[in-house]
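Report on the following structure.
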Amino acid sequence: MFIWFTSLNYPIQAMIATIFTWAITSLGSAVVFLFKNVKKSALDAMLGFAAGVMIAATFFSMLSPAIEMATSLNMIPWLVVSLGFLGGGILLFLGDKLFDFLTKKEDKKKSNENSSLKRSVMLIASITLHNIPDGLCFM
């Protein structure tokens, strides 16, 4: 199956990989339909598992290669990785402050609308920020 997949054109490979990722994500998220109420301890366990998977994915797909590349370029690996990590956090912090500056809170109803919009904008910004290093890894 791997040989068949690698023999396909790159756009077809990308489409199949995207559909596969969508299907697995949908399957994982569909688990919520099996429960009417979720205990706090079970929710904590699921969130902890998801956080652990994301930390492992981050380390093995971005941090470990960055450490190896910094070492091969005779740079200080922990400094390079720390600066990149802090840079992403600072960008999100600045985006948060910029959003507050651009949308001054006037009344309570508008504040709730701005809060929802702010969460959406910050989610999009963080996903975009997350995808930039992913794209750079394949250059």
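When hydrophobic clusters are built by joining Ile, Leu, Val, Met, Phe, Trp and Tyr residues whose side-chain heavy atoms come closer than 4.5 Å, directly or via intermediates, L63 is not grouped with L79. Residue L91 is not grouped with residue I127 when hydrophobic side chains (ILVMFWY) are merged at heavy-atom distances under 4.5 angstrom, including chains of intermediate members. F85 and M62 fall into different hydrophobic clusters, where Ile, Leu, Val, Met, Phe, Trp and Tyr side chains are chained together by heavy-atom contacts under 4.5 Å. In the hydrophobic clustering of ILVMFWY residues, with side-chain heavy atoms under 4.5 Å counting as a link, I90 and I124 come out apart. Cluster annotation: L83 is connected to W78 through the hydrophobic network of ILVMFWY side chains, with a link wherever side-chain heavy atoms come within less than 4.5 Å.
Atom CD1 of I76 is surrounded by 12 or fewer heavy atoms from other residues, nucleotides or ligands within 6.0 Å. A 6.0 Å sphere centred on CE of M69 holds no more than 12 heavy atoms belonging to other residues, nucleotides or ligands. Around CE of M75, the count of heavy atoms belonging to other residues, nucleotides or ligands within 6.0 Å does not exceed 12.
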For K118 and D100, run salt bridge (Lys or Arg N to Asp or Glu O under 4.0 Å): C-alpha distance rounded to whole Å, both residues' side-chain angles, the deciding distance at 0.1 Å, then the answer. CA-CA 8 Å; K118 180 178 181 178; D100 287 342; 3.0 Å; yes

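Side chains of L98 and L94 form no contact here, defined as non-hydrogen atoms less than 4.5 Å apart.
With rounding to the nearest 0.5 Å, the separation of NZ in K97 from CZ in F101 is 13.0 Å. Atoms OG1 and CE, on T6 and M1 in that order, are 11.5 Å from each other to the nearest 0.5 Å. To the nearest 0.5 Å, the span separating CD1 on I12 from CE on M15 amounts to 4.5 Å. Atom CZ of F99 sits about 9.5 Å away from atom CE of M122, to the nearest 0.5 Å.
Annotation for P77 and A70: closest pair CA-CB, 3.8 Å, computed over non-hydrogen atoms.
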